[in-house]
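In what follows, chains are A, B, ... by sequence order, proteins preceding strands, each numbered from 1.
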There are 4 protein chains.
Amino acid sequence: MPPVARPARVDAVRNRASLLAAAEVEFAERGIDASVADIAKRAGVVKGTVFRHFATKDDLVAAVAGDRFARLSAIAERLSESPDPGEALREFASATAEILQQQGLAFLRAASECNPVVAESRDQLLASADVLVERARRDGIVRADVTGADVLLLTCAAVHTVAATPGPAPDLWRRYLTIVIDGLRPEGASPLPRPAPERF
Amino acid sequence: MPPVARPARVDAVRNRASLLAAAEVEFAERGIDASVADIAKRAGVVKGTVFRHFATKDDLVAAVAGDRFARLSAIAERLSESPDPGEALREFASATAEILQQQGLAFLRAASECNPVVAESRDQLLASADVLVERARRDGIVRADVTGADVLLLTCAAVHTVAATPGPAPDLWRRYLTIVIDGLRPEGASPLPRPAPERF
Amino acid sequence: MPPVARPARVDAVRNRASLLAAAEVEFAERGIDASVADIAKRAGVVKGTVFRHFATKDDLVAAVAGDRFARLSAIAERLSESPDPGEALREFASATAEILQQQGLAFLRAASECNPVVAESRDQLLASADVLVERARRDGIVRADVTGADVLLLTCAAVHTVAATPGPAPDLWRRYLTIVIDGLRPEGASPLPRPAPERF
Amino acid sequence: MPPVARPARVDAVRNRASLLAAAEVEFAERGIDASVADIAKRAGVVKGTVFRHFATKDDLVAAVAGDRFARLSAIAERLSESPDPGEALREFASATAEILQQQGLAFLRAASECNPVVAESRDQLLASADVLVERARRDGIVRADVTGADVLLLTCAAVHTVAATPGPAPDLWRRYLTIVIDGLRPEGASPLPRPAPERF
DNA sequence: TATGAATGAGCTTTCATTCAT
DNA sequence: AATGAATGAAAGCTCATTCAT
């Protein structure tokens, strides 16, 4: 029974939370190149503490990015029980776009690329998306040869246009997501030249 | 027979070409953060030589990126006299995608953002795109509320999906460009929620 | 008995002191162009450590130079209450010369030129010198048209002769300071062709 | 008898002269750190040509500095036959100051320090100064224990004050040279604490 | 002999990571 | 568990000097 034991844990938990919150903001603002020092400063701790909680910067990236993917998976799961498959798919794409736009698409991509833990979260999301697309396809709302990966990639693509535009129009993706979803309609669809990717 | 002809320094010309080629590859692979040292190494010269040919790293970026935009503008100009406006637009989008995919989209964007010369090349391209879209619109091939900026952004977006996919499928963009262009058809088009951006 | 006392990082304090000492020597020997790498090597730390203690090279310059000027101002203030104004002025000039000689005149000048904080220290010294000269003038010890700036400049000048001489005669300035101060006597003084500078 | 021989020499001579002139200006303006590239540009040649005429930058420094010392030696020699020794000494000091001020004292010092050829020119000047001082001393115009080196060093010192002053007062040295020469009068001279240096 | 490109060591500064306290 | 200093490997860029033409 150590006499001076527990309170330290409370600090640690609070610090970890502060760090994640700070990292989210910094990564969103500065991208994956945000410096550990700035994140520490925003969290109100020193640099060394960052590395106690996250052994490398990459681990911190993974924690932030993984959380986003997990959040999206949860949304997908909820929507998979919605009565209107078409609306569910549209909502899923919008929610995804919103989060991607908020956190920075480039950041999330960089994160998944070099981190297996994040990659796994992302794969889970992919599975959820497949379910939603399958339901919409059965209802004749989207063309037959479209997959969950297609929808996710196209959503990323629509979000990407925001970053490529100078002025502050954070929801410009809505314009392009509309066009893209129009492009998925079965009527008069052109044949697609390449197979859908299995992963992304 | 000029007795004091300028030999034009064969090696200098070769080095400049090597540097541009190396920079293209490095920028494509590593993005705009590719280091001058790596570019020099790939070109088979020392760092100092890079700075003889391009006074700053930014000048090198501009040379690579500017060239790509110029190439695209030339293509657009040629296509603007094609008899089939719909086919011309599709070809333009494909050519654009091909070059964007090859060079690295993120790099080109970063280059235009912090380099006024590159930005100008890009603006010229935008003007050319507007002409092509205008012709296609008059033919009823694309919906009325779509602009050159829209088409360029959507093409970038389609290309972006390649970078977001792991396996080596360099022309995956063809799949998504098809979907996107399908989405531009006038028939049954959903209303677009945000105005088109003026610049990009 | 504070349970969480600040150890004050003994090694950090030692490193900071080593750095200042090393910088003093290097700046004295090589002038303001002494490299940060050499200073670090002499202090027995790595380059990065220098920048932890002094964010820029300029800050290090300012720390070394500012300290010297502050030391001189303190001496001037003490001497301004001495009962013998003539002796006080001579002592001030000697003390100034000693410090200037030790630190390297060119370095101190360069430091004041490009660093506002150092410039302020120097201006304060100028004010102190004016007080001492004013008192000596009232006692008829120096000619009427001489100012604090004159005395400081002439002291710098006397010190400068040491640097201009090859052999190791670090206090050669004493010889020339004597001549210069003799030149300030009121008796038989030649008219001075240019006004005294306001600053230096 | 080479058929295409001489004209080249004319070019070479002209280039050498241009280089010396350009170096004078650049060294005066930027000090000894003036870059070879800038000197070449001002002279209208390329960098490589500089090194054909002067094997190292140091040699170029030596050529410029040596010329100045030679010019001063010539003046001293002429003045050593003047009927008024006091006036001759004053004129010599003024001429010296003028040239030192024009060329940059720090530059000339740096030049003599690391270049034996310049050092020799300087030694010759020292001998000339000794003659002038000896004559003035015999006339009772300067104190007995003063040497040519003293006068040169004090002249340098007076000039040094110009560089140490911010505003553009290029002949401020006249003020301090007056004070310094007043300080050399035999009447009421304080004893000098250190022997005169043999070289400088 | 002149050219101007290539070289390579040097500079200040940044940053992820390690480690003594 | 937290601190904050030390580390060392980058980075972009400059410049005296060498060398092929």
I'd like to check the side chain to side chain donor-acceptor pair (under 3.5 Å) partners of B:Arg109; sequence neighbours left out, ordered by chain and number.
B:Glu113
Which nucleotide in the set F:dT7, E:dA2, F:dA2 lies at the smallest distance from any side-chain heavy atom of A:Asn15?
F:dA2
With C:Asp33, which residues qualify under side-chain contact (heavy atoms from CB on, under 4.5 Å), at least two apart?
D:Asp33
For F:dA2 and A:His53 - does any side-chain N or O of the residue sit under 4.0 Å from the phosphate oxygens OP1/OP2?
yes
D:His160 side chain reached by C:Leu105 side chain, heavy atoms, under 4.5 Å:
yes
To the nearest angstrom, how far is B:Leu19 atom CG from E:dT7 atom P?
10 Å
Suppose we screen for side chain to side chain donor-acceptor pair (under 3.5 Å). Which residues come up paired with B:Glu24, at least two apart in sequence or across chains?
B:Arg68
Could you list the residues that satisfy side chain to side chain donor-acceptor pair (under 3.5 Å) with B:Gln101, not counting sequence neighbours?
none
Would one find a side-chain N or O of A:Thr49 under 4.0 angstrom from OP1 or OP2 of F:dA2?
no
To the nearest angstrom, how far is D:Phe54 atom CZ from E:dT1 atom C1'?
15 Å
Show every salt bridge (Lys or Arg N to Asp or Glu O under 4.0 Å) that has at least one partner inside residues 43-63 of chain D, sequence neighbours left out.
none
Using whole Å, report how far CZ of D:Arg14 lies from P of E:dT1.
15 Å
Any C:Arg52 side-chain N or O less than 4.0 Å from OP1/OP2 of F:dA5
yes
C:Asp11/C:Arg14 ion pair, N-O < 4.0 Å
no
Can you tell me the distance, in whole Å, between the CD atom of B:Glu26 and the P atom of F:dA11?
11 Å
Any chance you could encode DNA chain E as dot-bracket? Rule is Watson-Crick or G-U wobble with both distances under 3.5 Å; [ ] for pairs crossing earlier ones, | for another strand.
.||||||||||||||||||||
What protein N or O atoms touch nucleotides 14-16 of chain F N or O atoms at under 3.5 angstrom, if any, and at what distances?
unit_1 : atom_1 : unit_2  : atom_2 : d
F:dA16 : OP1    : D:Lys57 : NZ     : 3.3
F:dA16 : OP2    : D:Val36 : N      : 3.0

Quick one: B:Asp59 CG to F:dC13 C1', roughly how many Å, whole number?
12 Å
Sorted by chain and number, sequence neighbours left out, ring-ring contact (aromatic ring centres under 6.0 Å, His included) with A:Phe27 holds for A:Phe107
Hits for side-chain contact (heavy atoms from CB on, under 4.5 Å) against A:Ala110, two or more places apart or cross-chain, chain-then-number order -> A:Ile32
